[in-house]
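Everything on this sheet refers to the single structure shown next.
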Amino acid sequence: MSAQRTACAGRKATVLACVYVGLIAAATAARGTAGLHSDQTQAVLFFLSFPGSLLVTTFLVLPLGALTGNSGAETVNPYGPMLHLVGGAALNVLIACTAVNAFRHARTARRKKRHQVAHALATQAQPGPLTRVTPSKAGSEPFSS
C-alpha cells in the first residue's frame, strides 16, 4: 500500500518552491546592491537556476532585445541578470511541477488499467450463478486437432 498524499505535502512543496525563487532573487538583489558585475557568485547563481535561466534568455530576453533594437551592451546594469536568474528559477519550478504531475498522471493511468485488466480476468474466469458450463466435445471447436 502506498501512503496517501496529504495537504501538508503539497504545502511543503509550495513553500520549498517559494524559498528557492526567493533565495535566488535575494542573492541577485544583494549582488546588484553591492555593485558586483561578474564574479563567482553570478556563476553559481546561473548554475542554480539552470536550465530555466537559459530558456528565459533564449526565448524572452534575446527576442525582446532584437525587437527593441537594444543589445544591452551600451549600459552596465548591476541588476541586469536578475530577470535571467529569477525568471529561470520560476521556470524551473514550473518544469518540476509539470514533471511531477505528468508522472502522477501516468502512474494513476497505469494503476487504473492494471485494475481494469485484473477485474476483467477475475469476472471472466468465474462464471455467474445462472451460467451453465458444459464441457466441450473434441473436434467441435475450430482449430482443434
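When a residue number appears, it is its place in the shown sequence, counting from 1.
Within the hydrophobic cluster formed by Ile, Leu, Val, Met, Phe, Trp and Tyr side chains joined at under 4.5 Å, directly or through other members, V15 is accompanied by V19, L23.
Using a 4.5 Å heavy-atom threshold, the side chains of L55 and I95 count as touching.
Hydrophobic clustering of Ile, Leu, Val, Met, Phe, Trp and Tyr side chains at less than 4.5 Å, counting indirect connections, unites F59 with V61. In this structure, L64 is a member of the same hydrophobic cluster as V56, with clusters built from ILVMFWY side-chain heavy atoms closer than 4.5 Å. Hydrophobic clustering keeps V86 apart from L83 (ILVMFWY residues linked when any side-chain heavy atoms are closer than 4.5 Å, directly or through intermediates).
The side chain to side chain contact (heavy atoms under 4.5 Å, CB included) with V21 is formed by just one residue from the set N92, L85, V93, L16; it is V93.
Sorted by first then second residue, the side chain to side chain donor-acceptor pair (under 3.5 Å) pairs that include residues 54-67, not counting sequence neighbours, are T57-H84. The salt bridge (Lys or Arg N to Asp or Glu O under 4.0 Å) analysis of residues 48-58, with sequence neighbours excluded, yields no pairs. Counting only residues at least two apart or in different chains, salt bridge (Lys or Arg N to Asp or Glu O under 4.0 Å) contacts with residues 89-103 are absent.
Distance check: R110 CZ to R107 CZ gives 8.0 Å after rounding to the nearest 0.5 Å. Here Q40 contributes atom CD and Q42 contributes atom CD; the two are 10.5 Å apart, rounded to the nearest 0.5 Å. Atom CE in M82 sits 10.5 Å away from atom CD1 in I24 (nearest 0.5 Å). Rounding to the nearest 0.5 Å places CZ of F103 at 15.0 Å from OG1 of T98.
Of all non-hydrogen atoms in A89 and Y20, the two that sit nearest each other are O-CE2, 3.5 Å.
The side-chain hydrogen bond (donor to acceptor under 3.5 Å, both in side chains) check on D39 picks up R31, T41, with sequence neighbours excluded. Applying the side-chain contact (heavy atoms from CB on, under 4.5 Å) rule to K112 yields the partners Q116; only residues at least two apart in sequence or on another chain are considered.
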